[in-house]
Amino acid sequence: MTDQNDHDPSEDELIDAAMAALDQEPLPTSTLPEPGEPPTAVHQESEHGPAQEFKPPSPSPTLDALDESRRPKDETVCERCPASVWFASPEEVKCYCRVMYLVVWSSQEPNQILHCDGEFLGQEQE
């Protein structure tokens, strides 16, 4: 004997359930900033001294691996640009731009590039 309440849902009921699920707010998939958003510096208080500026990790594993003294002293857009390629030798650190096809920053000749359209190439325009 089968109970009338134990029936397989009809196709219309399945569609209605799927549509109701689609109407719900999507869960966040990432806490990372959107591409092209510059990272923001945060000042953190320390028990042992004044507030220090905290820089979030750059998209460059090479820059992140370098000692702070070998990184650019003045902020440059190249530090967050996906078109930049950072490389280091024991003597020097350099940044090659894959958009302009040239070395745009080096520890021997630091160049503080503040704005560049290269970081926005490949992104959809609204």
Side-chain angles (χ1 to χ4, degrees):
M1 234 164 85
T2 60
D3 189 348
Q4 279 191 337
N5 291 334
D6 289 338
H7 73 281
D8 290 332
S10 70
E11 188 175 344
D12 286 338
E13 291 171 323
L14 290 172
I15 291 172
D16 288 342
M19 294 301 287
L22 289 174
D23 286 338
Q24 296 176 1
E25 283 292 315
L27 295 173
T29 57
S30 173
T31 57
L32 298 174
E34 290 296 315
E37 268 186 40
T40 56
V42 176
H43 294 278
Q44 292 183 333
E45 293 292 329
S46 171
E47 302 173 3
H48 308 292
Q52 297 179 358
E53 186 173 313
F54 168 75
K55 286 186 176 181
S58 71
S60 167
T62 299
L63 278 181
D64 291 339
L66 289 175
D67 185 72
E68 187 72 32
S69 65
R70 296 193 69 201
R71 298 181 198 168
K73 306 266 184 279
D74 297 319
E75 182 181 337
T76 173
V77 71
C78 305
E79 292 175 74
R80 65 177 181 263
C81 181
S84 65
V85 178
W86 289 87
F87 52 103
S89 68
E91 298 82 29
E92 191 172 16
V93 177
K94 293 183 178 185
C95 177
Y96 176 78
C97 177
R98 294 182 293 165
V99 174
M100 294 187 280
Y101 303 106
L102 56 100
V103 172
V104 291
W105 190 94
S106 76
S107 51
Q108 302 299 319
E109 295 181 38
N111 187 9
Q112 188 183 15
I113 298 174
L114 297 176
H115 304 283
C116 177
D117 292 342
E119 71 177 317
F120 303 107
L121 294 178
Q123 293 182 6
E124 290 184 26
Q125 300 296 317
E126 292 182 19

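Below, all heavy atoms of this structure are taken into account, side chains as well, without hydrogens, waters or symmetry copies.
To the nearest 0.5 Å, atoms CG (N111) and SG (C78) are separated by 7.5 Å. If you take CD1 on I113 and CE on M100, they are separated by 4.5 Å, rounding to the nearest 0.5 Å. One finds the CG atom of D64 at 10.0 Å from the CD atom of E79 (value rounded to the nearest 0.5 Å). Here the CG-SG distance, from D117 to C81, works out to 10.5 Å after rounding to the nearest 0.5 Å. In this structure, K94 NZ and E109 CD are separated by 8.5 Å, a value rounded to the nearest 0.5 Å.
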Check the pair E92, R70 against salt bridge (Lys or Arg N to Asp or Glu O under 4.0 Å), reporting the backbone distance first and the verdict last.
CA-CA 8 Å; E92 191 172 16; R70 296 193 69 201; over 6 Å; no
Please report the C-alpha distance between H115 and V77 in whole Å, then the side-chain angles of each, then the deciding distance to 0.1 Å, and finally whether the side chain to side chain contact (heavy atoms under 4.5 Å, CB included) criterion is met.
CA-CA 6 Å; H115 304 283; V77 71; over 6 Å; no
Take V93 and R71 through the test side chain to side chain contact (heavy atoms under 4.5 Å, CB included) and record every step on the way to the result.
CA-CA 8 Å; V93 177; R71 298 181 198 168; over 6 Å; no
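Side-chain N or O atoms of R80 include none that pairs as donor or acceptor with a backbone N or O of S60 at under 3.5 Å. Looking at Q112, its side chain does come within 3.5 Å of a backbone N or O of E75 through a donor-acceptor pair.
Just one of W105, W86, Y101 meets the side chain to side chain contact (heavy atoms under 4.5 Å, CB included) condition when paired with Y96; it is Y101.
Linking Ile, Leu, Val, Met, Phe, Trp and Tyr residues whenever their side-chain heavy atoms come within less than 4.5 Å leaves V104 and F87 in two separate clusters.
Considering every non-hydrogen atom in both P9 and L14, the closest pair reads CG-CD2, 3.9 Å.
With a 4.5 Å cut-off on side-chain heavy atoms, S84 and C97 do not count as touching. Side-chain atoms of T76 and L114, non-hydrogen and from C-beta on, never get closer than 4.5 Å to each other.
If you check the side chains of D67 and S69, you find a donor sitting under 3.5 Å from an acceptor.
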